[in-house]
Visitor: 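Handing you this structure, nothing more for now.
What's counted below: heavy atoms across the whole structure, side chains too, no hydrogens, waters or symmetry copies. Throughout, numbering of the chain's residues begins at 1 and tracks the sequence.
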Amino acid sequence: MTSSPDFVTSYFNRFSEALNTMSCFMKGSSAEIQQGISDAALMIDDAGKKGKKIFIIGNGGSAGIASHMAVDFWKNGGIPSTAFNDSSLLTCVANDYSFEEVFSKPVEMFTSEGDILMCISSSGSSKNILNAADAGIKKGCKVITFSGFSEQNALKDKGAINFFVASHSYGFVEILHNLVIHAILDTKLYTVDRKDVFNKNLPL
């Protein structure tokens, strides 16, 4: 049995490996992760300037990321954004339609052409996320996906920009998805809005 300190060392080593092997895919071809984040930041800035909105969806831990980052995008980024995580909405749509449509139905109702739809799924195989991505594409949304586990997952090639974490650990995938979405927002704030995202909270 591995000792706890040895496991922790291995844990952080494996996390570093997952971080360093993250990849991005655009138009079916691989791209540098830095380029993907930069392009996503510019895409979101352009959408904001055109009066468009950001919608973020995910299940479980990814739903937590969606709620967290939706707030950050409107509070810090100044772009209207939301996550479809209201319990009444989810249970109503699941009951009246199906759980596989809990996100696609709101996407069909609330999104407009040019809006940003961020789809987060650790496995990349959650049917409700895949359905929502398809609904967003049909509505003319600019879809950005975040997935992990198998590189052959169905979500990885659906978006205009797709971020993939080469790990089968839910924790690693979720943390790195959150990191990338933070990086997208911070890249916009720092390079476009000229805001300090590193030292603004230092005590005076």
Side-chain angles (χ1 to χ4, degrees), residues 24-28 36 40 43-44 47-48 50-74 77 79-165 167-171 173-178 180-182 184-185:
C24 177
F25 298 87
M26 295 188 284
K27 299 178 181 178
M43 180 187 292
I44 285 168
K50 293 177 179 176
K52 302 301 180 180
K53 303 174 292 296
I54 299 172
F55 299 90
I56 313 177
I57 58 171
N59 295 303
S62 298
I65 295 169
S67 292
H68 169 197
M69 294 312 304
V71 171
D72 275 11
F73 271 102
W74 71 253
I79 303 173
S81 54
T82 192
F84 295 128
N85 287 342
D86 178 78
S87 60
S88 295
L89 179 151
L90 294 174
T91 54
C92 172
V93 177
N95 184 64
D96 293 352
Y97 298 96
S98 71
F99 189 72
E100 293 182 352
E101 299 172 276
V102 292
F103 296 124
S104 57
K105 290 298 182 183
V107 166
E108 290 170 1
M109 175 60 68
F110 292 104
T111 66
S112 301
E113 183 176 359
D115 286 341
I116 304 290
L117 176 63
M118 294 187 178
C119 301
I120 313 169
S121 171
S122 292
S123 68
S125 60
S126 298
K127 190 65 176 176
N128 56 0
I129 302 296
L130 295 171
N131 286 340
D134 289 337
I137 292 167
K138 188 174 181 180
K139 288 294 294 286
C141 294
K142 296 178 179 179
V143 174
I144 303 174
T145 76
F146 304 84
S147 65
F149 294 12
S150 170
E151 193 169 321
Q152 282 69 52
N153 77 70
L155 185 63
K156 185 183 70 65
D157 294 316
K158 280 191 177 290
I161 305 175
N162 306 277
F163 297 97
F164 174 74
V165 180
S167 172
H168 284 79
S169 164
Y170 266 109
V173 175
E174 289 171 350
I175 290 167
L176 291 172
H177 284 168
N178 201 17
V180 172
I181 301 173
H182 257 296
I184 291 169
L185 175 57

Visitor: Take Met118 and Ile181 through the test side-chain contact (heavy atoms from CB on, under 4.5 Å) and record every step on the way to the result.
Guide: CA-CA 9 Å; Met118 294 187 178; Ile181 301 173; 4.1 Å; yes
Visitor: Quick one: CD1 on Ile65 to CG on Asp72, what's the gap to the nearest 0.5 Å?
Guide: 12.0 Å
Visitor: How close do Leu117 and Gly136 get, heavy atom to heavy atom, and via which atoms?
Guide: CD2-CA, 3.9 Å
Visitor: Can you see which heavy atom on Ser122 is nearest to which on Glu174, and at what distance?
Guide: OG-CG, 3.6 Å
Visitor: Once you round to the nearest 0.5 Å, how far does OG of Ser147 lie from CG of Asn162?
Guide: 7.0 Å
Visitor: Could you measure the distance from the OG1 atom of Thr82 to the CZ atom of Phe55? Nearest 0.5 Å is fine.
Guide: 7.0 Å
Visitor: With Ser62, which residues qualify under side-chain hydrogen bond (donor to acceptor under 3.5 Å, both in side chains), at least two apart?
Guide: none
Visitor: Atom NZ of residue position Lys127 - does it have more than 12 heavy atoms of other residues, nucleotides or ligands inside 6.0 Å?
Guide: no
Visitor: Mark yes or no for whether Ser81, through its side chain, and Ala70, through its backbone, hold a donor-acceptor pair below 3.5 Å.
Guide: yes
Visitor: Report the C-alpha distance between Ser125 and Asn153 in whole Å, list the side-chain angles of each, state the deciding distance to 0.1 Å, and finish with yes or no for side chain to side chain donor-acceptor pair (under 3.5 Å).
Guide: CA-CA 6 Å; Ser125 60; Asn153 77 70; over 6 Å; no
Visitor: In chain order, what residues pass the side-chain contact (heavy atoms from CB on, under 4.5 Å) check against Leu130, with sequence neighbours excluded?
Guide: Ala154, Leu155, Lys158
Visitor: Does the side chain of Ile54 come within less than 4.5 Å of Trp74's, by heavy atoms?
Guide: no
Visitor: In chain order, what residues pass the side-chain hydrogen bond (donor to acceptor under 3.5 Å, both in side chains) check against Asp157, with sequence neighbours excluded?
Guide: none
Visitor: With side-chain contact (heavy atoms from CB on, under 4.5 Å) as the test, would you mind laying out the steps for Lys156 and Glu151 before giving the verdict?
Guide: CA-CA 7 Å; Lys156 185 183 70 65; Glu151 193 169 321; 3.6 Å; yes
Visitor: Quick one: OG1 on Thr111 to CD1 on Ile137, what's the gap to the nearest 0.5 Å?
Guide: 11.5 Å
Visitor: Tell me if a side-chain donor or acceptor on Asn131 pairs with a main-chain N or O of Glu101 at a distance below 3.5 Å.
Guide: no
Visitor: If I compare all heavy atoms of Ser112 with all of Cys141, which pair ends up nearest, and what's the gap?
Guide: O-SG, 3.9 Å
Visitor: Apply side-chain contact (heavy atoms from CB on, under 4.5 Å) to the pair Thr91 and Phe99, showing each step before the final yes or no.
Guide: CA-CA 8 Å; Thr91 54; Phe99 189 72; over 6 Å; no
Visitor: Rounded to the nearest 0.5 Å, what separation is found between the NZ atom of Lys105 and the CZ atom of Phe84?
Guide: 13.5 Å
Visitor: How about His182 and His177: are their ring centres within less than 6.0 Å of each other?
Guide: no
Visitor: Heavy atoms only: give me the nearest Gly58-Ala63 pair and the separation to one decimal.
Guide: O-CB, 3.2 Å
Visitor: Is it true that Lys53 and Asp115 make a salt bridge, defined as a side-chain N closer than 4.0 Å to a carboxylate O?
Guide: yes
Visitor: Pick one: which of Phe164, Phe163, Phe25 meets ring pair (Phe, Tyr, Trp, His ring centres under 6.0 Å) with Phe146?
Guide: Phe163
Visitor: At their closest point, which heavy atom of Ala40 faces which heavy atom of Ile161, and how far apart are they?
Guide: N-CD1, 3.6 Å
Visitor: If you round to the nearest 0.5 Å, how far is CD1 of Ile120 from CG of Asn59?
Guide: 10.0 Å
Visitor: Please report the C-alpha distance between Phe73 and Ile56 in whole Å, then the side-chain angles of each, then the deciding distance to 0.1 Å, and finally whether the side-chain contact (heavy atoms from CB on, under 4.5 Å) criterion is met.
Guide: CA-CA 10 Å; Phe73 271 102; Ile56 313 177; 4.2 Å; yes
